[in-house]
Amino acid sequence: MRENAWSACSQQQIKKIGLFSEEYKSFLSQCKTERECIKYFSALLEENGFISLNKLLQNKTPLKAGDKVYTINMNKALVAFVVGKEDLQKGLNILCAHIDSPRLDLKSNPLYEEDGFCMFDTHYYGGIKHYHWVALPLALHGLICKEDGTKIDICLGEKDSDPVFGVTDLLPHLTEKEKGFDKLLSKQEEIAGEVLNLIIGSKLKEGSAKSKILDILKDKGIDEKDFYSSEIEVVPAGKARDFGLDESMIIGYGHDDRSCAYCCVKALIDAKNIQRTSAVILVDKEETGSPGATGMKSRFFENMVAEIMNLMGEYKELHFKRVLNKSQVISCDVTAGFDPNWTEPYNKNTEAFLNGGVAFSKYTGSGGKSDANDANPEFIARLRKILDENKIVYQFTEMGKVDKGGGGTISSILAEYGMEVIDAGVPVLSMHAPWEVVSKLDLFENYRFYKAFVETNKF
Ligand code: MN
Ligand code: MN
């Protein structure tokens, strides 16, 4: 077991951890989609002196040391920079996190009627356990785009006065093996993705529940065909809350990876005396392998680096390649925390524990380190120095026993530029479940590490 770092905390540190956690809980409760995160972070960056890159490009304003800029990509990804005093060609300090989380998405043709109920058909997103998503209150977040260019924002199920939605479950009386319902039990054990249908109404209009719902939607300016041009995410309804009698943890939806995304943005805003130009990248689609224009595999980040160099009067292809090649990256992502209820897949000696601080994964991947970015010891040694100088609590981890687990992050995509990259983030319990759990102490140490990383010029 790792040392539990709470015992070494002063009253002042505990107070700081508490304040940081309160703000984080408020963020996590408000931001349950990529778009909501981008809206929140853009506003936070603007409040703290960051200027939209588009504005600078329009006015051809040159950039200089100390300037802070940000730019968003299709409202679902973001890059923010603080221009440092050092030569850009020495490379950037980069923090990168994802802001998409596992969930159910509405299909393009979601509305249908079944046995007197009106239903929404869903298609799950990311790695979920299907049985987690039944019998709990769910909310709808997203938007509908109309042909005339107007957008209807949707956030239903969060206010006390809002209705919620849900996928119902079969009662135990009809699923017990001894009562001869074996077939139903096996269906339940592996609840099929296609079964995850949301009940949204049961009132009839002229014998039809769907007609009644269509009427309600019409009042809100929505036609059935508008779902073709919609992006509606089904997420757990409710706020992030303290977890445990000692209030040492937080339960909430989307700690993976919004805990790291939040720490990244706060670190860049709070960092003092930045020497090396620093960047925060927030991306979408990590949970589905980082594809698409808003995922890490898109060229958005490198295009924006080129724009920054151009505004500094330094853009040349060779210089641009050097900047990317010389950069150092923290792939900010959560990892599995050791779970006292489910010890079997873990190796206690090599796993991350809650309250053990920032969790570093030298490599991710699975099997024989397949598809892993394996961080260099030279890089890790420099990071250890930063950690020790700032008295940051940290631990090194694997994800499960050898050949029992594994997973990927965006680290290997950034490593393709020839950058030094390592994964570091917060250990999580119930990762990828509708409600995940993190430690407040780990969250704060994670923020402190990211801040110390962007402040360093030791590379
Ligand atoms: Mn993640
Ligand atoms: Mn994940």
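Values in this document were obtained by computation on a predicted structure and should not be read as measured data. Order of listing sets the numbers, starting from 1, for every ligand and every atom in it.
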Check your understanding: Is the Mn ion (ligand 2) under 2.8 Å from any N, O or S atom of Glu286?
Key -> no
**Study point:** Note: Asp403-Lys401 ion pair, threshold 4.0 Å (strictly below)
**Key:** no
**Study point:** Identified side-chain hydrogen bond (donor to acceptor under 3.5 Å, both in side chains) partner of Asp423 from the options Ser412, Ser331, Ser361
**Key:** Ser331
Check your understanding: Taking the Mn ion (ligand 2) as the vertex, how big is the angle to OE1 in Glu287 and NE2 in His432, rounded to 10°?
Key -> 80°
Practice item. Count the heavy atoms of every other residue, nucleotide or ligand shown that sit under 6.0 Å from NZ of Lys239, and state whether that count exceeds 12. Key: no
**Study point:** Lys/Arg-Asp/Glu bridge criterion (N-O < 4.0 Å) met for Glu455, Lys451
**Key:** yes
Point to revise | Minimum-distance N/O/S atom that Asp256 presents toward the Mn ion (ligand 1) | key: OD1
**Study point:** Charged N-O contact under 4.0 Å between Glu194 and Lys107
**Key:** yes
Revision key, fill the gap. The Mn ion (ligand 1) -> Asp333, closest N, O or S atom is OD1
Review point. For the Mn ion (ligand 1), which N, O or S atom of His98 is at the shortest distance?
Key: NE2
